[in-house]
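Report on one structure; see the data block that follows.
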Amino acid sequence: MNKMETTDPMLPLGAVTDRRLAALRVILAVGGFLITYPVTLDPGRYIAVAEYLLVTYIAYSIVVYAASQRRINFSHSALQLLVWADLAWFTVLVALTGGATSVFFFFYLFTIIVASSPGGYTFGLMVTATSAALCLAMIIAVPPEDFDVARVAIRPLAILGLGYILSYWGGAETALRRKMALLNELSLFTNSRFGVDWTIELILRRLLGFWKASYCLILLVHENDLDLYLVSSDDPQRCQKVPVRSQSEVPFIDMADASSLVFNDGARRWARTTYQSYDPRTRTIAPRSLAPGEALAEFLSARSFVSVPLHYRERFRARIVVSSGQPGAFDISDAAFLQQVASQALPLIENIRLVDRLASEASEEERNRIARSVHDRVIQPYYGLQIGLKALHSVLN
């Protein structure tokens, strides 16, 4: 691996960072205390304990905020620890202040925001389900005196509904930031000094890691030749380059097809096998016959794949295929994003190839100039001297 390259992904920054969330945590804790302290909470013997717990949570929030000033985002393990800690704080507060009727019930939504914004959609859904389960458990353990199923059930249902929306929104932001980081990274690490092969290898490895795919390959047209570059998850640090003599050696990759293709094997009972095409020019989606998609999936030993063409100056130049052993790993949005990556990467590859050709031509021209200079300035006077010496030698003899 070249020293210019890094195996760590670039930090995805965004409007919602852990530093901002830490500040919001302090505001939430102080606001909760200021709102509830002057007001008589639900009567009970644990009210004083809840007030002390709120003060302690304010101090805890300030400590987290102070720690966030040294960095923009926490590590994933630290983020998970903060989320579960917040969930424990809020659960105890809800239990001490009336259970199902507590004013702190919707503090769970803040925990879901913290989980989904940096952590992604899956982690946000996990915290949403846990929060709703805790709400339901407290309702069952400490039912209110005027128990009404509709009124009591609305809180866990609200947690589920709003939590799903927040998780989806936070996951979409996280995915968008990852995509922006990948595009920025490819543009930064592409360097003409390392050549076309190094650049293609870097792009394939980054795409393989981005989708956690099984294979990532590019079939590149160069003049009248075809070159196949392949990176596998079994050995992601090694890129194989295979010369292809004709299209017949890769019959399952249609070089003439200008559409992006997405195939998903319906391995689950509730899912069906789909093979769709996406036209980036018209942004239309159309179903395809399953036979070619299944043939390419079998050729790649994949359960799903996405394939996009690469055009440069109205000419077809390559096709990128990313495949996965998991069913349902890709959708149309992945095809659209891979098309954006291809549209950014191909001009870089062509520019590097142009620079290589210009450098090769300049080197050849320099060698020819040196050869002409040696011939005119060194060899010809030498020949003249040699002829003169021979003539002198014949005269003396």
Side-chain angles (χ1 to χ4, degrees), residues 1-12 76 175 178-179 181-222 225-245 247 249-253 255 260-265 267 293-310 317-330 334-335 337-339 341-342 344-346 348-349 352-353 356:
M1 182 182 299
N2 194 283
K3 64 181 181 179
M4 290 288 294
E5 185 183 348
T6 175
T7 56
D8 298 327
M10 296 182 66
L11 183 65
H76 186 67
R178 290 184 65 237
K179 292 177 180 179
L182 176 64
L183 291 173
N184 185 44
E185 186 178 17
L186 292 179
S187 64
L188 287 178
F189 287 117
T190 303
N191 196 315
S192 60
R193 292 179 298 171
F194 300 111
V196 174
D197 292 346
W198 186 89
T199 303
I200 293 177
E201 179 181 348
L202 172 66
I203 293 172
L204 293 181
R205 287 216 302 260
R206 286 296 183 260
L207 293 177
L208 187 79
F210 181 84
W211 272 290
K212 297 180 175 60
S214 301
Y215 293 97
C216 187
L217 63 90
I218 178 171
L219 189 61
L220 188 64
V221 179
H222 178 48
D225 299 328
L226 296 174
D227 290 324
L228 179 65
Y229 296 83
L230 173 66
V231 174
S232 169
S233 60
D234 296 332
D235 189 7
Q237 302 302 322
R238 180 171 174 263
C239 179
Q240 304 178 41
K241 180 182 178 181
V242 182
V244 179
R245 288 172 292 185
Q247 173 69 46
E249 296 186 10
V250 283
F252 302 114
I253 301 179
M255 303 291 287
S260 301
L261 305 172
V262 180
F263 175 83
N264 285 301
D265 183 7
E294 291 173 342
L296 180 54
E298 184 179 357
F299 176 73
L300 297 171
S301 301
R303 305 293 295 275
S304 56
F305 67 81
V306 57
S307 173
V308 302
L310 285 76
R317 300 307 304 270
R319 180 170 280 275
I320 292 181
V321 180
V322 182
S323 65
S324 173
Q326 301 296 325
F330 306 102
D334 294 314
F337 175 64
L338 186 57
Q339 189 73 59
V341 174
Q344 176 172 321
L346 188 58
L348 297 174
I349 295 174
I352 292 173
R353 181 166 285 158
D356 288 345

Residue Tyr215 excluded, over 12 heavy atoms near OH under 6.0 Å: no
Compare every heavy atom of Ala297 with every heavy atom of Phe263, then report the nearest pair and how far apart it is. CE2-CB, 3.6 Å
Side chain of Ser214, backbone of Gly325: donor and acceptor closer than 3.5 Å? yes
In sequence, state the C-alpha distance, the side-chain angles, and the governing distance for Leu207 and Ile203, and then conclude on side chain to side chain contact (heavy atoms under 4.5 Å, CB included). CA-CA 6 Å; Leu207 293 177; Ile203 293 172; 4.0 Å; yes
Looking at every non-hydrogen atom in both residues, tell me the closest pair between Cys216 and Leu204 and how far apart they are. SG-CD2, 3.5 Å
So, for Val322 and Ala213, which heavy atoms are closest and what is the spacing to 0.1 Å? CG1-CB, 3.5 Å
Please confirm whether Phe305 and Phe299 have ring centers closer than 6.0 angstrom. no
Donor-acceptor check, side chain of Arg178 to backbone of Phe210, threshold 3.5 angstrom: yes or no? yes
Working for side chain to side chain contact (heavy atoms under 4.5 Å, CB included), residues Ser324 and Trp211: CA-CA 8 Å; Ser324 173; Trp211 272 290; over 6 Å; no
Looking only at atom types and distance, does a side-chain atom of Ser307 sit under 3.5 Å from a main-chain N or O of Leu261, one as donor and one as acceptor? no
Exceeds 12 heavy-atom contacts within 6.0 angstrom, atom CD of Gln326: no
Which heavy atom of Ala335 sits nearest to which heavy atom of Val308, and what is that distance? O-CG1, 3.6 Å
Find the distance between CG (Leu230) and CG (Leu219) and round it off to the nearest 0.5 Å. 11.0 Å
Once you round to the nearest 0.5 Å, how far does CD of Glu201 lie from CD1 of Ile218? 13.0 Å
Taking all non-hydrogen atoms of both residues, which atom of Pro309 and which atom of Ser260 are closest, and how far apart? CD-OG, 3.9 Å
When you compare the side chain of Ile320 with that of Val341, does any pair of heavy atoms fall below 4.5 Å? no
Mind checking the CG-SG spacing from Leu202 to Cys239? Nearest 0.5 Å is all I need. 10.5 Å
If you take all heavy atoms of Asp265 and Pro327, which pair is closest and at what distance? O-CB, 3.2 Å
